[in-house]
Structures are given as structure tokens and as C-alpha cells.
Amino acid sequence: QVQLVESGGGLVQAGGSLRLSCAASRSIFSIAAMGWFRRAPGKQRELVATITTRGSTNYADSVKGRFTISRDNAKNTVNLQMNSLKPEDTAVYYCDADLAGTGAWNYWGQGTQVTVSS
């Protein structure tokens with residue numbers, strides 16, 4: 001029902017910033033929630049941030065105050081502004097969609113690598 005492509009990752013030093021983007025293959029105005037997840041080397045995937053159609057956001061405790069998720073329905077994109085990056089933020093970041101707002105995330109993209117050096 002939707003295909004997602006992540007971009008914007010790269011190599012930055014601790015304290016730096018990156019802006020990740022997720023491009024959707026269709027309009028996202030009717031998608032209940034969009035989210036960013038990440039998987040660090042050797043670790044399980046974890047939820048980073050979500051945003052609903054209404055604009056309500058949720059963040060993992062580890063990124064609160066540093067990351068900001070946003071969605072641009074006109075551009076069919078969801079973004080993740082990442083500031084004050086830490087080495088522990090190093091991971092592959094994935095965009096996903098919860099079409100009906102049920103907590104079912106089934107549209108993982110290929111991911112984009114974020115590497116933070118100290």
C-alpha cells in the first residue's frame with residue numbers, strides 16, 4: 001500500500017547534526033502514523049520517533065530533546081532532524097508506516113546508515 005525510501009544518512013562527529021528523509025510512493029495524508037526506527041550493530045530494532053496524522057509525536061527516551069520528527073503531506077515525506085548526535089546513535093535508520101494506527105508497522109524501507117564518531 002506504500003513504499004518508503006530513506007535517505008540523508010552519513011558520517012558525522014559527536015555533537016553534529018543530520019536530517020533524515022523518508023519518501024513515500026503515495027500520499028501519506030491518510031496514514032495514521034509514520035515512524036522512524038533504528039537498528040544498531042548487533043542490537044534489536046528500536047522505535048525512535050513516531051508522528052500521527054494529527055501531528056502528535058512520541059520519542060524514545062534516548063533521543064528526547066535531540067531529535068525531531070515531522071511530516072510533510074504535500075511532499076509525501078517524513079523527516080527526522082537529529083541534533084547533538086552521540087556515538088550510541090550509530091545505527092541503520094528505517095522509516096515505517098502504521099496505516100490504521102494500530103501499532104502494526106509493515107512497510108520497512110531499505111534504511112539509511114548513520115555513523116557518529118567521537
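A quick note: this is a predicted structure, and the numbers were derived from the prediction, not measured.
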query: Any link between Leu4 and Leu99 through a network of hydrophobic side chains (Ile, Leu, Val, Met, Phe, Trp, Tyr) touching at under 4.5 Å?
result: yes
task: Answer yes or no: are there more than 12 heavy-atom neighbours, outside Glu88 itself, under 6.0 Å from its atom CD?
output: yes
message: Does the Lys NZ or Arg CZ of Arg45 fall within the cation-pi geometry relative to Tyr94 - under 6.0 Å from the ring centre and within 45° of the axis?
response: yes
query: So, for Phe37 and Leu47, which heavy atoms are closest and what is the spacing to 0.1 Å?
result: CD2-CA, 3.5 Å
CG on Asn76 to OG on Ser25, rounded to 0.5 Å: 8.5 Å
query: Do you see a donor-acceptor pair shorter than 3.5 Å between the side chains of Asn79 and Gln81?
result: no
message: For the CH2 atom of Trp36 and the CD1 atom of Ile69, what is their distance to the nearest 0.5 Å?
response: 8.0 Å
field: Any side-chain heavy-atom pair of Leu20 and Thr112 under 4.5 Å
entry: yes
- prompt: For Gln1 and Arg26, which heavy atoms make the closest approach, and how far apart are they?
  reply: O-CD, 2.7 Å
message: Please give me the minimum heavy-atom distance between Ile31 and Thr53, naming the atom from each residue.
response: O-OG1, 2.7 Å
task: Walk me through it: do Glu46 and Arg39 pass the test salt bridge (Lys or Arg N to Asp or Glu O under 4.0 Å)?
output: CA-CA 6 Å; Glu46 67 172 343; Arg39 180 145 55 196; over 6 Å; no
query: Under the 3.5 angstrom rule, does the side chain of Asp96 hit a backbone N or O of Tyr107 as a donor-acceptor pair?
result: yes
field: Non-hydrogen atoms of Ala32 and Arg71 that approach each other most closely
entry: O-NH1, 4.0 Å
statement: Separation between OG1 (Thr77) and CD (Glu6), nearest 0.5 Å, reads 12.5 Å
- line: Shortest non-hydrogen pair, Tyr93 vs Ala91, comes out as CD1-O, 3.4 Å
message: Less than 4.0 angstrom from a charged side-chain N to a carboxylate O is my criterion; do Lys86 and Asp89 meet it?
response: no
field: Interatomic distance, Thr57 atom OG1 to Met34 atom CE [nearest 0.5 angstrom]
entry: 15.0 Å
- prompt: Going from CD on Gln110 to SG on Cys95, what distance comes out if it is rounded to the nearest 0.5 angstrom?
  reply: 12.5 Å
message: Walk me through whether Thr90 and Val114 qualify under side chain to side chain contact (heavy atoms under 4.5 Å, CB included).
response: CA-CA 5 Å; Thr90 295; Val114 172; 5.9 Å; no
- prompt: Hey, mind stepping through Ser21 and Lys75 against side chain to side chain contact (heavy atoms under 4.5 Å, CB included) and telling me if it holds?
  reply: CA-CA 11 Å; Ser21 293; Lys75 296 181 179 180; over 6 Å; no
task: Quick one: pull up CZ in Arg19 and CZ in Phe67 and give me the separation to the nearest 0.5 Å.
output: 13.0 Å
- request: Please check if Val2 and Ile51 belong to a single hydrophobic cluster, counting links between Ile, Leu, Val, Met, Phe, Trp and Tyr side chain heavy atoms closer than 4.5 Å.
  value: yes
Close side-chain approach of Val63 and Arg38, heavy atoms under 4.5 Å: yes
- request: For residues Ile28 and Asp72, report the shortest heavy-atom separation together with the two atoms involved.
  value: CD1-O, 4.3 Å
- request: From the options Leu11, Leu18, Val12, select the one residue that forms a side-chain contact (heavy atoms from CB on, under 4.5 Å) with Val116.
  value: Val12
message: Donor-acceptor check, side chain of Arg66 to backbone of Ser84, threshold 3.5 angstrom: yes or no?
response: yes
